[in-house]
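The model shown is predicted, which means the values in this text are computed figures rather than measured ones. As the structure lists them, so they are numbered: ligands from 1, and atoms in each ligand from 1.
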Amino acid sequence: MNCYQKEDLIKMVEDAKQLTQKGKVADYIPALGEADPSTLAVAIYSGERECIYAGNIDEVFTLQSISKVLTLALALMDRGADYVFQRVGMEPTGDPFNSISKLESSVPSKPLNPMINAGALAVTDMLVGNTIEDKLERLLNFIRQLTGNDRITYNPVVAQSEFETADLNRSLCYFMRQHGIVESNVEQLINLYTKHCAIEMNCNDLAKLGFVIGNEGRDPNSDQNIIPLEIARIVKTFMVTCGMYNASGEFAIKVGIPAKSGVSGGILGSVPHGVGIGIYGPALDDKGNSIGGLRLLELIAKQSNLSIF
Ligand code: GLU
């Protein structure tokens, strides 16, 4: 993707935007219910110059489940793969992101992967730091490095809105505490989790972050390795196998890009050695993926032959 294709990108956004009428904004976190369902924006970053973009690019949105990619990378850097995968599995699940059923039926009881809520909560529990504030600040600094944006922070209104309504996530934590998978006090863990889910950015930031992950963890501007190569690979693999909820298989066939979506309507795309993609479209399909964002990624991937398969 180069700058001269901006016109094409604008056309693709117009095309995909028509689908947004068929989606629904997530409202189980009350503050997310206020998003405008007709919004659709995309930024693509190829490492050289500024992102090319189309749509309402100034809108900021919370990462929600996209933050799971970043907590996983940091926990792997903090604790190493052996420690992390003793507590969280590597296998996809056909269940919804917040399901508790496999936790009960797997022996030994451990979350199937770090991209579902149970796994992400266990990963959040692994982050190093003396207090919730320390852990959050370390995560924010990591994300500031990845995006090159020092102003990245979390949205306290969305965090509080989720904190007040996160009883299903609390139940996952209590179950895992009983089985020794998490150690923290549940309220503190939910406090940290809801704050990292509420970390905010725009599509440009998301595309830059996606580029660094696709580029094996290396920042093209400073040439610094922000994420070690093996960890960037683990993270991208989970994005392929589990990144788009229980639509990950269909997405791999139709789009073929390592990606992670969130219920805010954000989608992070990382094409290995290629481009980073940031999408925001809060109208979701029945699996929880941005309905316009999915179509847009399909069009972008086809046009530029981006599938990794
Ligand atoms: N904070 C959200 C939750 O735990 C994230 C879900 C998502 O984006 O998939 O319900």
Side-chain angles (χ1 to χ4, degrees), residues 23-35 60-72 88 92-103 111-125 127 132 136 139 143 154-176 182 184 186-201 206 209 238-239 241-248 251 259-269 278-291 293-294:
K24 207 175 155 298
V25 166
D27 55 8
Y28 75 97
I29 298 172
L32 293 183
E34 289 161 25
V60 291
F61 51 92
T62 58
L63 293 178
Q64 299 304 328
S65 271
I66 299 171
S67 63
K68 293 170 180 169
V69 168
L70 306 164
T71 49
L72 174 64
V88 183
T93 147
D95 298 330
F97 65 95
N98 53 6
S99 173
I100 198 166
S101 67
K102 292 263 166 53
L103 260 188
L112 277 183
N113 70 68
M115 299 292 121
I116 50 173
N117 281 10
L121 286 158
V123 166
T124 300
D125 189 49
L127 298 177
I132 300 296
L136 185 65
L139 179 64
I143 297 175
Y154 74 97
N155 179 324
V157 176
V158 177
Q160 184 62 24
S161 175
E162 182 173 10
F163 185 80
E164 285 167 8
T165 52
D167 288 337
L168 198 48
N169 283 332
R170 282 186 177 84
S171 68
L172 294 170
C173 291
Y174 279 113
F175 191 96
M176 291 192 288
V182 303
S184 301
V186 170
E187 287 309 298
Q188 286 188 2
L189 183 51
I190 294 289
N191 181 358
L192 178 57
Y193 175 81
T194 50
K195 284 182 176 148
H196 78 59
C197 285
I199 292 173
E200 254 184 346
M201 61 181 64
L206 195 59
L209 189 159
F238 278 119
M239 289 166 76
T241 56
C242 318
M244 302 299 284
Y245 304 115
N246 38 340
S248 298
F251 183 82
K260 179 75 198 94
S261 68
V263 290
S264 51
I267 305 180
L268 161 72
I279 287 184
Y280 175 54
L284 308 180
D285 66 11
D286 55 354
K287 304 263 170 66
N289 290 310
S290 168
I291 192 164
L294 281 182

N98 heavy atom under 4.0 Å from ligand 1: no
Reported CD1-to-CG distance for the pair I132 and N191, which is rounded to 0.5 angstrom: 5.5 Å
Side-chain heavy-atom pair Y245, V263 within 4.5 angstrom cut-off: yes
Closest protein heavy atom to atom 10 (O) of ligand 1, given as residue, atom name and distance to 0.1 Å: Y28 OH, 2.5 Å
Could you tell me the residue and atom name of the protein heavy atom closest to atom 4 (O) of ligand 1, and the distance to it rounded to 0.1 Å? Y193 OH, 2.7 Å
Interfacing atoms of ligand 1 (cut-off 4.0 Å, heavy-atom, Y245): 7 (C), 8 (O), 9 (O)
Which bit of C197 is near ligand 1, meaning a heavy atom under 4.0 Å away: side chain, backbone, both or neither? side chain
How long is the gap from CE on M176 to CD1 on I100, to the nearest 0.5 Å? 8.5 Å
Given 3.5 Å as the limit, does a donor-acceptor pair link the side chain of D285 with the main chain of G288, or not? yes
I'd like to check which ligand 1 atoms, numbered from 1 as shown, lie under 4.0 Å from a non-hydrogen atom of G262. 8 (O)
Can you check whether V158 reaches Q64 side chain to side chain, under 4.5 Å on heavy atoms? yes
Which residue and atom name correspond to the protein heavy atom nearest atom 7 (C) of ligand 1, and how close is it? S65 OG, 2.6 Å
So for T194 against ligand 1, with non-hydrogen atoms under 4.0 Å, the contacting part is neither
At less than 4.0 angstrom from any non-hydrogen atom of N169, what atoms of ligand 1 do you find? 3 (C), 4 (O), 10 (O)
Test: R170 and E187 ion pair at under 4.0 Å: yes
Whether the side chain of N155 engages the backbone of E200 through a donor-acceptor N/O pair (distance < 3.5 Å, no angle test) should be reported. no
With respect to N117, determine whether any N or O atom, backbone or side chain, lies less than 3.5 Å from an N or O atom of ligand 1. yes
Nearest 0.5 Å, please: how far is CD1 in I199 from OG in S67? 6.5 Å
Below the 3.5 angstrom mark, is there an N/O of S261, backbone or side chain, next to an N/O of ligand 1? no
